[in-house]
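For reference, positions follow the sequence shown, starting with 1. Numbering of ligands and ligand atoms starts at 1, following listing order.
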Amino acid sequence: MDVVRIQGGRELSGTVTISGAKNASLPMLAATLLTRETCTLRNVPDLSDVRFMVEILRHHGATVENPAPGVWQVTAREIQPRTPYELVRKMRASICLVGALVGRLRTADIALPGGCVIGPRPIDLHLKGLARLGCEVSHKNGCVIVDAAKARGGYVFMGGRHGSTVTGTVNLLMAAVLTPGVTRIDSAACEPEIENLCQMLRTMGARIDGAGSPVLTVTGVTQLHGCEHTVLPDRIEAGTYLLAGAITGGDVTVNGAVTEHLGAFLDKLDEAGVAVEHTGAKAIRVRGNRGHWRPVDIITLPHPGFATDLQAQFSALLALIPGISLITERIYPNRFMHVPELQRMGADIAIEGATAIVKGGAPLTGAPVMASDLRASAALILAGLAASGETWVQRIYHLDRGYEQFDKRLASLNAGIERLPASAMPKDYREE
Ligand code: EPZ
């Protein structure tokens, strides 16, 4: 296992180009099962989650090739409907295979994903939606079995107590595109990744109206054909690098991001006093502007609200901003696993239910810290970049799930960061 060592206190400067979006790539890879013909996806990021999804597609019987960096070709001529627990438990996003299997085979048999450190990850809304289409949904030995032989288009309401569901919307879309009749998905997720998936499904011959809106209307067709499609840029990766520039008081330009996908985030960055500039069609520049920093209040919401996937990273910046900032998690109320580790670096943060009360302003000092999940690991690295002294971040396999060459790209921005084997850590820092 590797670790990351950071010599903090250096101002980041330079330009970084954003990769394709993890949370668009995974549903798109699943969507290739909807046709017997070859689908080619471009701008797919080189992430462990992507490689794992490829392993699952092969398990289902698809032929998957990687003819060039970022390019994946999938041909699912004959596939089988079962996704075993040993695969699902390693990556809960594999749940988005349900829709593709139901769409293509009219049946799915997948292990229930269970939870993860950011909270319970239920799929009740997914299953309720499939049942509304006339699917028979049953549970057995920790698996859910869906029989869509009698499924017909219908009205589905996807809203839950935390708003809509992204992968739930993905599943209903992929089930509906090959289900006879018209399906109306109300309170659908509006994340840009959903819109990008709708574009891919349309190039495959699907009939979908309302992409990007909370109401999707799908008219079922009898079959879909292959396609070539490009994955949109990763807005969460973009936001993370913008925060790296801000937190170090540096001057960083992020290339390739879609500004409109970061509206709420950029608004909060501006409100916090960071200098944000749009220097081109897809270029955003931040300058730390430390003397202008102000505390802000953040509430995470479904898109176009503030993205929960940028909450941990933003809290590292707020820990440095003098004053009281509040962060309220409306999507995953327990998504504060990064806080105890930030506290070890000197952050003054108290958790009250789903709200983090940040008493910002104290300087951060480097420390050995432990990553708990994907976005928490990014938050700890950002804190290490801003802290004085040396920070070691362990369990960075979490990071590899969602950031391509994060250490190398930060180093190209003048960060004092390197990836090392765990054996390089001082003995008393190492996990037993
Ligand atoms: C997607 O997860 C993303 N993952 C997550 O990104 C992201 O945090 C999340 O959407 C919210 O934006 C992928 O796209 C692969 P949800 P998803 O279903 O679809 C509740 C990252 O860091 N809910 O939109 O699993 C649920 O408990 C990852 O890249 C139900 O109650 O999230 C949560 O509180 C982490 N019942 C909220 O809704 C359901 O049936 C949003 O969940 C489904 C969800």
Side-chain angles (χ1 to χ4, degrees), residues 19-31 45 47-50 52-53 56 88 90-99 112-132 137 144 156-174 185 187-197 214 231-232 234-240 261 264-265 300-313 328-335 337-338 354 371-379 398-404:
S19 301
K22 166 179 84 84
N23 291 347
S25 304
L26 300 178
M28 286 176 181
L29 284 164
L47 303 171
S48 56
D49 270 11
V50 166
F52 192 67
M53 181 60 100
I56 296 177
V88 173
K90 288 183 200 162
M91 184 178 72
R92 30 162 343 280
S94 47
I95 198 64
C96 62
L97 284 158
V98 170
L112 286 163
C116 69
V117 289
I118 66 175
R121 308 295 293 272
I123 59 167
D124 55 304
L125 298 172
H126 303 226
L127 302 181
K128 178 184 130 191
L130 291 169
R132 282 275 189 280
V137 178
V144 64
V156 178
F157 183 75
M158 292 304 290
R161 56 203 294 266
H162 297 286
S164 187
T165 157
V166 175
T167 44
T169 303
V170 165
N171 275 332
L172 266 292
L173 265 173
M174 293 203 277
I185 304 173
S187 189
C190 302
E191 272 65 8
E193 293 76 30
I194 297 281
E195 192 170 6
N196 202 223
L197 175 66
V231 177
L232 84 171
D234 193 319
R235 59 196 167 98
I236 307 303
E237 185 194 26
T240 306
H261 295 167
F265 168 79
T300 66
L301 289 166
H303 192 79
F306 189 97
T308 174
D309 293 349
L310 283 167
Q311 177 263 112
Q313 302 92 309
T328 301
E329 255 293 352
R330 288 264 196 281
I331 308 295
Y332 297 110
N334 305 323
R335 194 175 196 170
M337 295 293 285
H338 49 287
S372 53
D373 59 270
L374 168 56
R375 306 304 176 185
S377 42
H398 290 294
L399 196 68
D400 296 336
R401 295 190 43 217
Y403 291 95
E404 196 174 334

Taking N or O atoms only and a 3.5 Å limit, does R121 qualify as a polar contact for ligand 1?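 Yes.
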Got the closest protein heavy atom to atom 9 (C) of ligand 1, with its distance?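 The closest one turns out to be Y332 OH, 3.5 Å.
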Rounded to the nearest 0.5 Å, what separation is found between the CD1 atom of I118 and the CG atom of D373?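 Output value for this atom pair is 6.5 Å.
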Quick one: does [X] get within less than 4.0 Å of ligand 1, heavy atoms only?
| X | value |
| --- | --- |
| P122 | yes |
| M53 | no |
| R92 | yes |
| G168 | no |

Taking only heavy atoms of A93, which atoms of ligand 1 are found under 4.0 Å from at least one of them?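 Selected atoms, number and element: 15 (C).
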Using the test side-chain contact (heavy atoms from CB on, under 4.5 Å), find all partners of D49 that sit at least two apart in sequence or belong to another chain.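 Counting only residues at least two positions away or on another chain, D49 forms a side-chain contact (heavy atoms from CB on, under 4.5 Å) with K22, L26, M91, R401.
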Would you call the rings of H303 and H261 parallel, tilted or perpendicular, where under 30° means parallel and over 60° means perpendicular?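 It falls in the perpendicular class, over 60°.
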Verify whether one side chain among T300 and Q311 offers a donor that lies under 3.5 Å from an acceptor in the other.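 There is no such pair between these side chains.
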Among R375, Q311, R335, which one has a heavy atom closest to atom 35 (C) of ligand 1?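 Closest candidate by heavy-atom distance is R335.
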Backbone N/O of H126 and side chain of N171: donor-acceptor pair under 3.5 Å: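 No, N171 side chain to H126 backbone: no donor-acceptor pair under 3.5 Å.
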